Novice: 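My questions will all concern the structure given below.
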Amino acid sequence: MPEPVSPTILITGATSGIGYATARNLACDGATVIVHGPTIADAERAARDLIAAGADPGRVQPVAADFRQLADVAAMARDVSTGFDHLDVLVNNAAIAGPGSRTVTAEGNELTFQVNYLAPYLLTRLLAGRLRAAGGRVVAVSSILHRTANINWSDPQRRRHYTPLAAYAQSKLALTMFARALALTQDGVTAVSVHPGIVRSGLLPVYSRVGAPVDEAAAVLARLASPGVELANGEYYEGSVPATPAALVNNDSAVVRLWKLTYQLLGQDRFLASRAA
């Protein structure tokens with residue numbers, strides 16, 4: 001009998017914390033892991049560490065994109081599309097805490113909203129064709145804090161009312177809504193969002209002073225990212241169990257409204273219209 005094909009899994013923010021630990025779990029279990037970092041040096045360092053931890057050198061591939069630059073995200077999507085013959089799973093893990101004062105990217109977006117939501121949205125849309133062809137899945141790393149948020153429809157960039165926690169929570173609510181939108185609109189792609197737990201990562205100060213080891217959250221993500229594990233399409237998980245998300249996540253009108261807002265903010269002529277996803 002032929003050997004089963006190793007799944008190819010792209011993990012964003014895979015150079016440290018939960019992302020790195022998830023990459024280690026999956027790579028050491030035989031998956032081909034595409035390791036994303038903000039720079040190629042960061043990604044290559046993480047790849048070397050994974051190989052030292054026991055991963056097959058032929059199954060660990062570094063890629064880079066600075067999520068503060070949407071052109072970088074689009075370029076990475078092209079590299080993945082041309083460099084790999086299939087893509088089974090995308091784990092949208094990369095995220096930042098809201099900076100102390102409102103910060104704007106070169107594209108004019110509030111930094112937290114772009115890194116935590118607009119960039120993974122763009123990456124997912126550009127790779128959706130690859131994921132559909134593989135009957136793949138998207139795992140969006142959300143936060144329990146998304147339940148405390150609302151989308152500021154008149155000021156999503158928070159020009160008037162910015163606080164770090166509100167910006168972070170809004171970005172995670174948007175990402176959670178996007179995962180459900182994918183489940184509704186992308187035939188052949190399974191999409192879920194998940195709060196993997198409060199752990200001792202770089203984002204711990206957003207939640208608490210005390211957190212569990214990152215390996216606990218990584219085990220959750222590795223399980224959800226494993227193609228053999230059945231998922232409830234469109235659901236929000238806390239750990240490995242489906243949970244009740246914020247009301248807006250299951251509000252079809254709000255999901256469509258966010259989709260349209262996002263498409264407008266990204267500028268369809270720059271990124272999406274030239275490559276329908």
Side-chain angles (χ1 to χ4, degrees), residues 3-38 42-65 76 80 84 86-95 120 123-124 127 130-131 134-144 175 179 189-204 207 211-232 235-243:
E3 292 186 5
V5 176
S6 167
T8 298
I9 302 172
L10 168 57
I11 304 173
T12 68
T15 59
S16 63
I18 299 172
Y20 174 80
T22 302
R24 185 187 63 223
N25 286 3
L26 291 166
C28 290
D29 199 36
T32 296
V33 178
I34 308 171
V35 180
H36 160 259
D42 291 329
E44 289 174 343
R45 173 188 52 76
R48 289 193 298 270
D49 290 345
L50 290 172
I51 293 166
D56 181 342
R59 296 192 184 280
V60 179
Q61 299 294 330
V63 295
M76 187 178 85
V80 171
F84 298 87
H86 67 285
L87 180 64
D88 300 282
V89 184
L90 168 60
V91 180
N92 282 319
N93 166 73
L123 180 64
T124 306
L127 292 175
R130 281 290 194 186
L131 290 163
R137 64 179 57 185
V138 176
V139 178
V141 180
S142 180
S143 164
I144 198 168
L175 188 65
V189 176
T190 299
V192 299
S193 56
V194 58
H195 171 68
I198 299 173
V199 300
R200 295 192 293 270
S201 71
L203 291 173
L204 178 60
Y207 298 93
V214 293
D215 286 346
E216 291 189 13
V220 171
L221 292 188
R223 181 179 183 278
L224 297 182
S226 298
V229 173
E230 187 174 348
L231 298 179
E235 290 295 311
Y236 164 71
Y237 283 72
E238 289 182 3
S240 298
V241 180

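Since we're looking at a predicted model, the values are computed, not measured. Residues take their numbers from the sequence shown, with the count starting at 1.
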Novice: Which pair of heavy atoms, one from A217 and one from I18, lies closest together, and at what distance?
Specialist: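 Between these two residues, the closest heavy atoms are CB-CD1, 3.8 Å.
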Novice: Taking atom CD1 of I144 and atom CD of E238, what is their separation to the nearest 0.5 Å?
Specialist: 4.5 Å
Novice: Between H36 (side chain) and A64 (backbone), is there a donor-acceptor pair under 3.5 Å?
Specialist: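 Flag not set: sc H36 to bb A64 has no pair under 3.5 Å.
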Novice: Shortest non-hydrogen contact from T32 to S6?
Specialist: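 For T32 and S6, the tightest heavy-atom pair comes out as N-OG, 3.1 Å.
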Novice: Please tell me if the side chains of I11 and L26 come closer than 4.5 Å, counting only heavy atoms from C-beta onward.
Specialist: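 Yes, close enough: below the 4.5 Å cut-off.
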Novice: Hey, are N93 and T22 close enough side-chain-wise for a donor-acceptor pair under 3.5 Å?
Specialist: no
Novice: Quick one: OG1 on T12 to CG on L90, what's the gap to the nearest 0.5 Å?
Specialist: 6.5 Å
Novice: Looking at every heavy atom in both T8 and D88, which two are closest together, and how far apart are they?
Specialist: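 Scanning both residues, the minimum pair turns out to be N-OD2, 2.8 Å.
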Novice: Is there side-chain contact between L175 and P120, with at least one heavy-atom pair below 4.5 Å?
Specialist: yes
Novice: Working note: D215 + R24, criterion salt bridge (Lys or Arg N to Asp or Glu O under 4.0 Å); need CA distance, chi angles, decisive distance, verdict.
Specialist: CA-CA 10 Å; D215 286 346; R24 185 187 63 223; 2.7 Å; yes
Novice: Taking atom CZ of R45 and atom CG of L50, what is their separation to the nearest 0.5 Å?
Specialist: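 Reported to 0.5 Å precision, the distance equals 10.0 Å.
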Novice: Is there side-chain contact between D42 and S16, with heavy atoms separated by less than 4.5 Å?
Specialist: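 Counting from C-beta outward, D42 and S16 never come under 4.5 Å.
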Novice: Hey, are the side chains of V35 and Y20 touching, using non-hydrogen atoms and a 4.5 Å cut-off?
Specialist: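 Result no, sub-4.5 Å side-chain heavy-atom pair not found.
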Novice: Is the shortest heavy-atom distance from the side chain of L123 to the side chain of L10 under 4.5 Å?
Specialist: yes
Novice: CG of L131 to NE2 of H86: how many Å apart, nearest 0.5 Å?
Specialist: 11.0 Å
Novice: Which pair of non-hydrogen atoms, one from C28 and one from A55, has the smallest distance, and what is that distance?
Specialist: SG-N, 3.9 Å
Novice: Measure across V220 and P196 and return the closest heavy-atom pair with its distance rounded to 0.1 Å.
Specialist: CG2-O, 4.2 Å
Novice: Check whether R130 reaches the backbone of F84 with its side chain - one donor and one acceptor, N or O, closer than 3.5 Å.
Specialist: yes
Novice: Specify the closest pair of heavy atoms between A222 and S226, including all atoms of both residues, with the distance to one decimal.
Specialist: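 A222 and S226 have their closest heavy atoms at O-OG, 2.7 Å.
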Novice: Taking the side chain as every heavy atom from C-beta outward, state whether Y237 and L231 have any pair of such atoms under 4.5 Å apart.
Specialist: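 Yes - at least one pair of side-chain heavy atoms lies under 4.5 Å apart.
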Novice: If you measure from CG on N25 to CZ on R223, what distance do you get to the nearest 0.5 Å?
Specialist: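 Reported to 0.5 Å precision, the distance equals 13.5 Å.
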